[in-house]
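Read the structure below first, then the notes.
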Amino acid sequence: MNEQWLNLYRTEIEEFHKKTMAFAAGELPRKDYKGASGGFGSYAQRDGTKHMLRLRLPGGRLTLPRLQFLAQIANQYNIAPLKLTTCETVQLHNLAPELLPVLMEQAVGCDIITRGGGGDNPRNVMASPLTGVQAGEAFDVMPWAEAASDYLLSICRDIHMPRKLKVAFCNGVDDCVHASFRDMGFVAQQDGSFRLYIAGGLGNNHRMGVLVEEHLPASDVLYAIKAMIDTFCAHGNYENRAKARTRYMQETLGVDELRRVYLENLAACKAAGGLDLDLTPKAVTKTGAGSIENTRVIAQKQEGLYAVAYHPIGGVLPTGKPAELAALLQDMPAAECRVAPHETIYIINLTADEAARVLDATADGAQSLFETSVACIGAAICQQGVRDSQAALQACVAAVREAGIPDGALPKICISGCPSSCSAHQAGTIGFQGCVKPVPGGKPAPAFKMFLGGCDALGAEQFGEAVGVVYEEQLPALLVELGKAAAAAGQTWQDWRNAHGEELQTILAKYC
């Protein structure tokens, strides 16, 4: 951002700090504080005395300077937990109120802006985490994701949307960013254009996006974003926050009318001009020799280079891990980290020897597909949470390990602490949503609603179906029994589910 924008941002940080301290002193109600803090990527946690700060990372890029910043503050202020998010950001938790402006100001120096990280704002712009290095991709979408982020930050003070806006760019191979069901999703095409979806989303009334353009010129991306904001501001619901997301316009306008209105706004934006993009992805010039094979190693499209996947359990980074990775990557030219929406970090542009060193440094992460499961921060910290999704996942991982369930017999699962779907549970192979379940003759008990059959693979997207409600205390036992059944048949989870539907229903009936 330019210096004028940044100077105003620093002034805003000072004003935000005054409100934070007023809230801490009990002089500002929680609701009023939330309305102010969200616009700066911060929220008070459940107990009201500690705070969260969300670091925007356009495209999930955790470059070496950003990684070094994270390492420095994590160690200096003993920040924990460090939470990877499904919007490709990093959240800092349990922060004292007086620390917020310090971190926000220091973050500017490594090109991290927290403005718009929450509230009714454009959120972190996402991109396929391996874009630029992934074999088979249409093209590298990162330059467009970063340009979109810069544009949205430049106008975030000038727009008043009914709710947040989530924008994602898919490289045409990996749609873990859910471009086909975001508020806006750009899917790269082999001809250099984008397929454009709008008004999708997870959570209550989840919807697939509406396809509005098959071949949007890459030069028109900012026009497309402005047109979406114009459409949302004109037709979004400002009266009822529960129905103020873009996906509700599919109901109020109808799909065909929404498409017509949007395309009319797009034409008007293009006629006004001034937002053309002329971008060229940066080529990877690094070369490598040798080869390496490991389940966590991915061969890049650049011959001789590799990416390594690191998934800390529950997406919670050990406090010392950023410093360990920063020290390692400092001597690895062109290497950088990418935060993925499934709470994995990819370390890219590595030679075979470098990949081996990174594998050793990240051996504390997930050891199986199931252990790469996703969980939001949960009710122990989050104001909105209903269930402690982190504790539930930890209990499940421990039970599956103890039972000796082989890799592949259980899929990656997604656990959300509430209906907001911050783990994307509605798109998970198995998903769980925090709730309560009646107890005969007693009070309702902690539980999770279970979803089966979701998929976020490009071209095969579908939402899972709710199949019942499981008591939280029985969740580990359910997963162990499902894993044992698949293992006994010598099959992966998906093959077992496809071939043993009756057995699946029998097991579910014992718990749901």
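Nothing here was measured: the structure is a model prediction, and the numbers come from that model.
- Formation of a donor-acceptor pair under 3.5 Å by the Q426 side chain with backbone atoms of G203 is found in this model.
- With hydrogens and angles disregarded, no donor-acceptor distance shorter than 3.5 Å links the side chain of E503 to the backbone of A499.
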Self-check item: Steps toward ring pair (Phe, Tyr, Trp, His ring centres under 6.0 Å) verdict (F139, F194)
Solution: CA-CA 10 Å; F139 59 91; F194 287 103; 5.2 Å; yes

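- At a threshold of 4.5 Å between non-hydrogen side-chain atoms, the residues T86 and H342 do not count as touching.
- Side-chain atoms of E402 never come within 3.5 Å of backbone atoms of A399 as a donor-acceptor pair (strictly under, hydrogens ignored).
- Nearest heavy atom pair, residue D140 against residue M142, reads OD1-N, 3.0 Å.
- In this structure, the separation between OG on S180 and NE2 on H178 is 8.0 Å, given to the nearest 0.5 Å.
- With F181 as reference, M208 is the one residue of R247, M208, Q462 to meet the side-chain contact (heavy atoms from CB on, under 4.5 Å) rule.
- The closest side-chain donor-acceptor pair between T231 and N265 falls under 3.5 angstrom.
- Within the model, atoms CD1 of I348 and CD1 of I298 stand 10.5 Å from one another, a figure rounded to the nearest 0.5 Å.
- For the residue pair Q300 and N349, a side-chain donor N or O sits within less than 3.5 Å of a side-chain acceptor on the partner.
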Exercise. Carefully, step by step, assess Y511 and Y471 under the rule ring pair (Phe, Tyr, Trp, His ring centres under 6.0 Å).
Key: CA-CA 8 Å; Y511 296 92; Y471 289 121; over 10 Å; no

For residues 116-129, tabulate all N or O donor-acceptor pairs below 3.5 Å that involve a side-chain atom, not counting sequence neighbours.
{"residue": "D120", "atom": "OD1", "partner": "R241", "partner atom": "NH1", "Å": "3.2"}
{"residue": "D120", "atom": "OD1", "partner": "R241", "partner atom": "NH2", "Å": "3.2"}
{"residue": "D120", "atom": "OD2", "partner": "R241", "partner atom": "NH1", "Å": "3.1"}
{"residue": "N121", "atom": "ND2", "partner": "G118", "partner atom": "O", "Å": "2.8"}
{"residue": "R123", "atom": "NE", "partner": "G119", "partner atom": "O", "Å": "3.4"}
{"residue": "R123", "atom": "NH2", "partner": "G119", "partner atom": "O", "Å": "3.0"}
{"residue": "N124", "atom": "OD1", "partner": "L57", "partner atom": "N", "Å": "2.9"}
{"residue": "N124", "atom": "ND2", "partner": "L57", "partner atom": "O", "Å": "3.1"}
{"residue": "N124", "atom": "ND2", "partner": "C87", "partner atom": "O", "Å": "2.8"}
{"residue": "S128", "atom": "OG", "partner": "N171", "partner atom": "N", "Å": "3.0"}
{"residue": "S128", "atom": "OG", "partner": "N171", "partner atom": "OD1", "Å": "3.4"}
{"residue": "S128", "atom": "OG", "partner": "D174", "partner atom": "O", "Å": "2.7"}

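- Heavy atoms from other residues, nucleotides or ligands lying under 6.0 Å from NZ of K243 number 12 at most.
- A salt bridge (charged side-chain N to carboxylate O under 4.0 Å, His left out) check over residues 294-308, counting only residues at least two apart or in different chains, returns the pairs E137-K301.
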Quiz item: For Y248 and N240, what are the C-alpha separation, side-chain angles and deciding distance, and is it a side chain to side chain donor-acceptor pair (under 3.5 Å)?
Solution: CA-CA 11 Å; Y248 286 93; N240 184 350; over 6 Å; no

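- A salt bridge links E251 to R207: at least one charged side-chain nitrogen sits closer than 4.0 Å to a carboxylate oxygen.
- Side chain of T351 to backbone of E354: a donor-acceptor contact under 3.5 angstrom is found.
- Not a single donor-acceptor pair under 3.5 Å links the side chain of Q433 to the backbone N or O of G417.
- Classification of E257 and R260 as a salt-bridged pair holds, one side-chain N sitting under 4.0 Å from a carboxylate O.
- Here the two rings, on H425 and F432, have centers that are 6.0 Å apart or farther.
- For T131 against R338, the heavy-atom pair with the smallest separation is O-NH1, 3.1 Å.
- Residues R56 and L153 are in side-chain contact: their nearest non-hydrogen atoms beyond the backbone lie under 4.5 Å apart.
- Note that the CD atom of Q384 and the SG atom of C376 stand 11.0 Å from one another [nearest 0.5 Å].
- Residue A409 comes nearest to G483 through the heavy atom pair CB-O, 3.6 Å, listed as atom of the first residue, atom of the second, then distance.
- Checking Y197 against R195 by side-chain atom types alone, a donor-acceptor pair falls below 3.5 Å.
- Note that OG1 of T429 and CG of D456 are 7.5 Å apart. Values are rounded to the nearest 0.5 Å.
- Ion pairing between E371 and K412 fails under the 4.0 Å rule for side-chain N and carboxylate O.
- Taking the ring centre of Y223 as origin, the terminal cationic atom of K270 falls outside the region bounded by 6.0 Å and 45° from the ring axis.
- Side-chain atoms of C337 and I345, non-hydrogen and from C-beta on, do get closer than 4.5 Å to each other.
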Quiz item: Run the side-chain contact (heavy atoms from CB on, under 4.5 Å) check on L478 and L508 step by step: do they pass?
Solution: CA-CA 8 Å; L478 166 61; L508 291 179; 4.2 Å; yes

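- Between K83 and E343 there is a salt bridge, with a side-chain nitrogen of the basic residue lying less than 4.0 Å from a carboxylate oxygen of the acidic one.
- Y346 has its ring centre no less than 6.0 Å from the ring centre of Y306.
- Residues Q250 and L258 share a closest heavy-atom pair of CG-CD2, 4.0 Å.
- Counting only heavy atoms from C-beta outward, the side chains of S193 and L216 never approach each other to under 4.5 Å.
- Contact of the F451 side chain with the V467 side chain is not registered, since no non-hydrogen atoms from C-beta on lie closer than 4.5 Å.
- D220 is not listed as a side-chain neighbour of E213, based on a closest heavy-atom distance of 4.5 Å or more.
- Side-chain atoms of T85 and Q91 form no donor-acceptor pair, as typed in the model, at a separation below 3.5 Å.
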Practice problem: Go through the steps for L253 and H235 under the test side-chain contact (heavy atoms from CB on, under 4.5 Å), then give the verdict. | Solution: CA-CA 8 Å; L253 293 177; H235 300 281; 3.7 Å; yes

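- Contact record, F232 with R163: CE2-O, 3.5 Å, taken as the closest heavy-atom pair.
- Remark: D230 engages K226 in a salt bridge, criterion side-chain N to carboxylate O under 4.0 Å.
- Between the S423 side chain and the I415 main chain, a donor and an acceptor come within less than 3.5 Å of each other.
- Looking at heavy atoms from C-beta onward, L410 lies in side-chain contact with V400 at the 4.5 angstrom threshold.
- R66 places no side-chain N or O within 3.5 Å of a backbone atom of I112 that could act as its donor or acceptor partner.
- Listed by chain and number, the residues in a salt bridge (Lys or Arg N to Asp or Glu O under 4.0 Å) with D183 are R245 (sequence neighbours excluded).
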Quiz item: R61 and E146: salt bridge (charged side-chain N to carboxylate O under 4.0 Å, His left out), yes or no, with the steps?
Solution: CA-CA 10 Å; R61 291 190 69 198; E146 293 182 322; 3.0 Å; yes

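- Residues R387 and V436 have side chains in contact (heavy-atom distance under 4.5 Å, counting atoms from C-beta outward).
- Applying the 6.0 Å contact sphere to NZ of K484 captures no more than 12 heavy atoms from other residues, nucleotides or ligands.
- Between the CG atom in L369 and the NE2 atom in H311 there is a gap of 10.0 Å [rounded to 0.5 Å].
- In this structure, CH2 in W144 is found 5.5 Å from CG in L279, a value given to the nearest 0.5 Å.
- Pairing each heavy atom of P341 with each of E88, the nearest pair is CD-OE2, 3.4 Å.
- Of the options E473, Q474, E472, a side-chain contact (heavy atoms from CB on, under 4.5 Å) to V470 is made by Q474 and by none of the others.
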